[in-house]
Undergrad: 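Okay, handing you the structure first.
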Number of protein chains: 2
Amino acid sequence: MSTPLTQAERSAVSDKAMLVSAMNLILAHGTDKTTLAMIGEAAGYSRGLATYQFGSKAGLYDALCKSISRNWLEYLKSGVGDKVGIEAMCAALDAIRQFVEDSPREGRVLQILYCGAASPSSEFPDTSIGIHNRQRSDVVEWVKAGQANGEIRKDVDAVAVASHYVSYISGMTYLWLTSPETFDFSTTNAEMKRQLRVSLAARGTNA
Amino acid sequence: MSTPLTQAERSAVSDKAMLVSAMNLILAHGTDKTTLAMIGEAAGYSRGLATYQFGSKAGLYDALCKSISRNWLEYLKSGVGDKVGIEAMCAALDAIRQFVEDSPREGRVLQILYCGAASPSSEFPDTSIGIHNRQRSDVVEWVKAGQANGEIRKDVDAVAVASHYVSYISGMTYLWLTSPETFDFSTTNAEMKRQLRVSLAARGTNA
DNA sequence: TAATCACTTGCTTGTTGACAGCAAGTAACT
DNA sequence: AGTTACTTGCTGTCAACAAGCAAGTGATTA
C-alpha cells in the first residue's frame with residue numbers, strides 16, 4: 001500500500017498511463033493535434049516525460065501501436081483456435097467484429113495509427129507492415145491446410161486468396177473507422193463469408 | 001509568349017505548380033515533414049504562397065486530394081463505360097490497375113491523403129468520405145442493374161455486396177501503397193474477379 | 001540489523017530551432 | 001486608380017534536447 005514502488009514498477013505505471021492518455025487524446029484530437037506535452041500532463045506527469053520515455057512522438061505512437069496490436073492478436077488467436085481453411089477465415093472475421101465491439105477505442109486508434117504508418121518516412125512503418133505481412137502468411141497457411149484436407153478447391157492460388165482476404169480486412173476496418181454510421185460491419189462481413197464459402201469450397205462441398 | 005498573363009492565368013499557373021510541388025514533396029518526405037515553405041519555394045515562389053493560396057496546410061492537401069480524385073474518376077468512368085453488374089465491377093478493378101500503372105505517383109499520393117483523412121479532426125474528411133460513399137452508391141446501382149437483367153443472383157444484398165467490394169478496393173490500394181514489392185496487384189485482383197464471378201453469378205450463368 | 005554512501009534510474013525544467021498561420025506590405029495586371 | 005497576385009516580417013506553438021533534481025538500489029561497514 002504505502003510501500004514505495006520499485007523503479008521497475010514506477011516505470012511500468014507511468015508507461016501505461018502515458019499510453020492510455022495518448023489513446024484518449026488521439027481519439028479526441030487525432031495524432032497531429034495531440035502534443036507530447038498534453039500526453040504527459042494528462043497522465044499526471046510533466047510535459048517532458050513522453051519524449052523522455054519514448055524518444056520521440058513517432059516512438060510513442062509505435063509503442064502504442066505495438067501495445068494494441070498485441071492485444072488484438074490475443075483476440076485473434078483465441079477466436080480462431082486451431083481452425084484452418086474457410087472456417088479459420090470466417091472465425092477471424094468474427095474475431096475482428098468482437099474486438100471492435102469490446103474495445104472500440106483500441107480498434108479505432110489502431111486503425112488511425114496504421115493509416116499514419118502509410119506515409120513515406122513514417123518512422124514506424126515496420127510495425128504496421130510486419131503485422132499485415134504476418135497476417136497474410138497466416139492466411140496462406142490456412143488456405144494450404146484447407147486445400148490439403150480437401151475443403152478448399154486446389155486450383156486457387158493460396159497467396160492470391162490471402163492477399164485478397166487481407167485487403168478486404170484492411171479496407172473494411174478503414175471504412176468502419178471513417179464512416180462508422182453508414183458502414184454496417186455485420187452485413188458486410190456476412191457477405192464476405194458467403195463469398196468465401198461459395199468461391200473457395202471444393203466441388204461438392206458447396207451445400 | 002512575352003504577352004503578360006491575365007490574372008486568372010497567373011493564378012492557374014501558380015496553383016498548378018503548387019500542387020505539383022506538393023505531390024513531389026509528399027512522395028519524398030510524407031505529408032508531415034513537408035512544409036508549406038518547401039512547397040512554395042520548390043514551385044518557384046515564396047515561402048508564403050502556399051498558405052495564401054490554400055488557406056492552410058489542410059486546405060492545400062484537400063485541394064490536392066480533390067485534384068487527383070477528379071483525374072482518377074475520369075479514368076474510372078472511361079474504363080467502366082456503361083457496363084453494369086459483374087462486368088462493371090471487374091472493369092473498375094482494371095481501371096484502378098491502369099491508373100496506378102499510368103500514374104503511380106498520383107495513385108500513391110491519393111492513397112496517402114486518404115490515410116491522412118482518417119484521423120479524427122482531420123480537416124478534410126469530407127473529400128475522402130464523399131468519394132468512398134459515392135463509389136459505394138455507384139456499385140449498389142451496378143449490382144441492382146445486374147440483378148434486374150438476370151446476371152446477378154437475386155438473393156444477395158446489393159448494399160452488402162457494394163460495401164464488401166469497396167472495402168476490398170480500399171484495403172488493396174492501402175497494401176499496395178505500404179508494401180509495393182510484396183503485393184501483387186494483378187493476381188490479387190484476378191482472385192477478386194474470380195470470386196465475384198463465382199459468388200454473384202445467377203444460377204446457370206456460372207459456366 | 002541498521003546506517004551510510006556511491007551509484008542508477010525516473011522524472012522535470014530551461015532552451016532552441018522549425019513550422020503554421022497571420023498581417024502588413026509590394027508588385028503585377030485591369 | 002483599383003483590384004488581384006504574391007512576398008516579407010512576425011508570433012505562438014511544438015518536438016527535441018540537455019542539464020539537473022529526486023527517488024530508488026545495493027554494497028560496505030559497524
Side-chain angles (χ1 to χ4, degrees), chain A residues 1-22 25-26 28-65 113 116-117 119-124, chain B residues 1-22 25-26 28-65 113 116 119 121-124:
Chain A
M1 197 66 72
S2 65
T3 305
L5 300 172
T6 65
Q7 299 279 57
E9 284 169 336
R10 289 215 301 166
S11 276
V13 167
S14 68
D15 224 77
K16 183 82 182 180
M18 292 307 237
L19 293 182
V20 169
S21 292
L25 289 165
I26 288 173
H29 309 115
T31 51
D32 283 14
K33 293 192 175 173
T34 297
T35 71
L36 293 172
M38 286 163 72
I39 294 172
E41 282 162 3
Y45 295 87
S46 72
R47 64 179 174 74
L49 184 57
T51 306
Y52 171 79
Q53 286 271 27
F54 298 98
S56 70
K57 199 173 184 180
L60 194 158
Y61 287 167
D62 189 35
L64 182 56
C65 188
L113 292 173
S119 191
S121 79
S122 148
E123 291 167 44
F124 56 109
Chain B
M1 197 64 73
S2 65
T3 305
L5 301 171
T6 66
Q7 298 281 54
E9 283 168 339
R10 286 217 300 169
S11 277
V13 167
S14 68
D15 224 78
K16 183 82 183 179
M18 292 308 239
L19 293 181
V20 170
S21 292
L25 289 165
I26 289 173
H29 309 115
T31 50
D32 284 13
K33 294 192 175 171
T34 296
T35 71
L36 293 172
M38 286 163 72
I39 294 172
E41 282 163 3
Y45 294 88
S46 72
R47 65 180 171 72
L49 184 57
T51 305
Y52 171 78
Q53 285 271 27
F54 299 98
S56 70
K57 199 173 184 180
L60 194 158
Y61 287 166
D62 189 35
L64 182 56
C65 189
L113 293 173
S119 191
S121 78
S122 150
E123 291 168 42
F124 56 109

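Chain letters run A, B, ... following the sequence lines, proteins first and then strands; every chain starts at 1. These numbers come from the heavy atoms of this one structure, side chains and all, not from hydrogens, waters or symmetry mates.
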Undergrad: Give the rounded distance in Å between these two atoms: OH of Tyr45(B) and P of dA28(C).
TA: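 So the OH-P distance, Tyr45(B) to dA28(C), works out to 13 Å.
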Undergrad: If you look at every heavy atom in Ser119(B) and Thr31(A), which pair is closest and at what distance?
TA: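 Minimum heavy-atom contact is OG-N, 3.4 Å.
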Undergrad: Which distance, rounded to the nearest 0.5 Å, do you find between the CG of Leu113(A) and the CG of Asp62(A)?
TA: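 That separation rounds to 9.0 Å.
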Undergrad: Check the phosphate of dC6(D) against Ser14(B), side-chain N and O only, distance under 4.0 Å to OP1 or OP2. Yes or no?
TA: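 True: Ser14(B) side-chain N/O within range (under 4.0 Å) of dC6(D) OP1/OP2.
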Undergrad: Which nucleotide, dT30(C), dT7(D), dT12(C), lies nearest any side-chain atom of Thr6(B)?
TA: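 Nearest to the side chain of Thr6(B) among the choices is dT30(C).
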Undergrad: For the pair made of CD in Glu9(B) and P in dC6(D), what is the distance, rounded to whole Å?
TA: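 Rounded to whole Å, this separation is 12 Å.
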Undergrad: Does a side-chain heavy-atom distance below 4.5 Å link Leu49(A) with Ile39(A)?
TA: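 The answer is no, as the side chains (C-beta and beyond) never meet within the 4.5 Å cut-off.
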Undergrad: Looking at Gln53(A) and Ser11(A), what are the two nearest heavy atoms and their distance?
TA: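 That would be NE2-O, 4.3 Å.
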Undergrad: When you measure from the side-chain N and O atoms of Ser46(B) to the phosphate of dT8(D), is any distance below 4.0 Å, counting only OP1 and OP2?
TA: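 So the side chain of Ser46(B) is outside the cut-off, no N or O lying under 4.0 Å from OP1 or OP2 of dT8(D).
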Undergrad: Between Thr35(A) and Met38(A) (side chain of the first, backbone of the second, donor and acceptor by atom type, cut-off under 3.5 Å), is there such a pair?
TA: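 Checking the backbone N and O of Met38(A) against the side chain of Thr35(A), a donor-acceptor pair under 3.5 Å is found.
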Undergrad: If you check the Thr51(B) side chain, which of dA5(D), dC22(C), dC11(C) turns out closest?
TA: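 From the listed options, dC22(C) comes nearest.
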Undergrad: Looking only at heavy atoms, what is the nearest atom pair of His29(A) and Lys33(A), with distance?
TA: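 Closest heavy-atom pair between His29(A) and Lys33(A): O-CB, 3.5 Å.
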Undergrad: When rounded to the nearest 0.5 angstrom, what distance separates CG in Leu36(B) from OG in Ser56(B)?
TA: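 The CG atom of Leu36(B) sits 8.0 Å away from the OG atom of Ser56(B).
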Undergrad: List the atom of Ile26(B), the atom of Leu64(B), and the distance in Å for their closest heavy-atom pair.
TA: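 It is CD1-CD2, 3.8 Å.
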Undergrad: Across the strands shown, which category fits Tyr52(B) at heavy-atom distances under 4.0 angstrom: base, sugar-phosphate, nothing?
TA: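 Result for Tyr52(B) = base.
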Undergrad: Main chain of Ala50(A), side chain of Lys57(A): is a donor-acceptor contact present, judged purely on distance under 3.5 Å?
TA: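 No, Lys57(A) side chain to Ala50(A) backbone: no donor-acceptor pair under 3.5 Å.
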Undergrad: Where do Ala43(A) and Met18(A) come nearest, in terms of heavy atoms and distance?
TA: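 Result for this residue pair: CB-SD, 3.7 Å.
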Undergrad: Ignoring hydrogens, what is the shortest heavy-atom contact between Ala42(A) and Ser21(A)? Give both atom names and the distance.
TA: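 Closest approach of Ala42(A) to Ser21(A): C-OG, 3.5 Å.
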Undergrad: Please list, by residue number, the residues of residues 53-61 of chain B whose heavy atoms come closer than 4.0 Å to an atom of DNA chain C; answer none if no residue qualifies.
TA: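 Close to the strand are Ser56(B), Lys57(B).
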Undergrad: Please report, rounded to the nearest Å, how far the C1' atom of dA20(C) is from the CG atom of Leu49(B).
TA: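 The distance from CG of Leu49(B) to C1' of dA20(C) comes to 15 Å, rounded to the nearest Å.
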Undergrad: With the threshold set at under 4.0 Å for non-hydrogen atoms, list the residues of residues 29-44 of chain A touching DNA chain C in residue-number order.
TA: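 None, since no heavy atom is under 4.0 Å.
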Undergrad: Between N or O atoms, less than 3.5 Å apart, protein on one side and nucleotides 14-16 of chain C on the other: list the pairs.
TA:
residue, atom, partner, partner atom, Å
dG14(C), N7, Arg47(A), NH2, 2.5
dG14(C), O6, Arg47(A), NH1, 3.2
dG14(C), O6, Arg47(A), NH2, 3.4

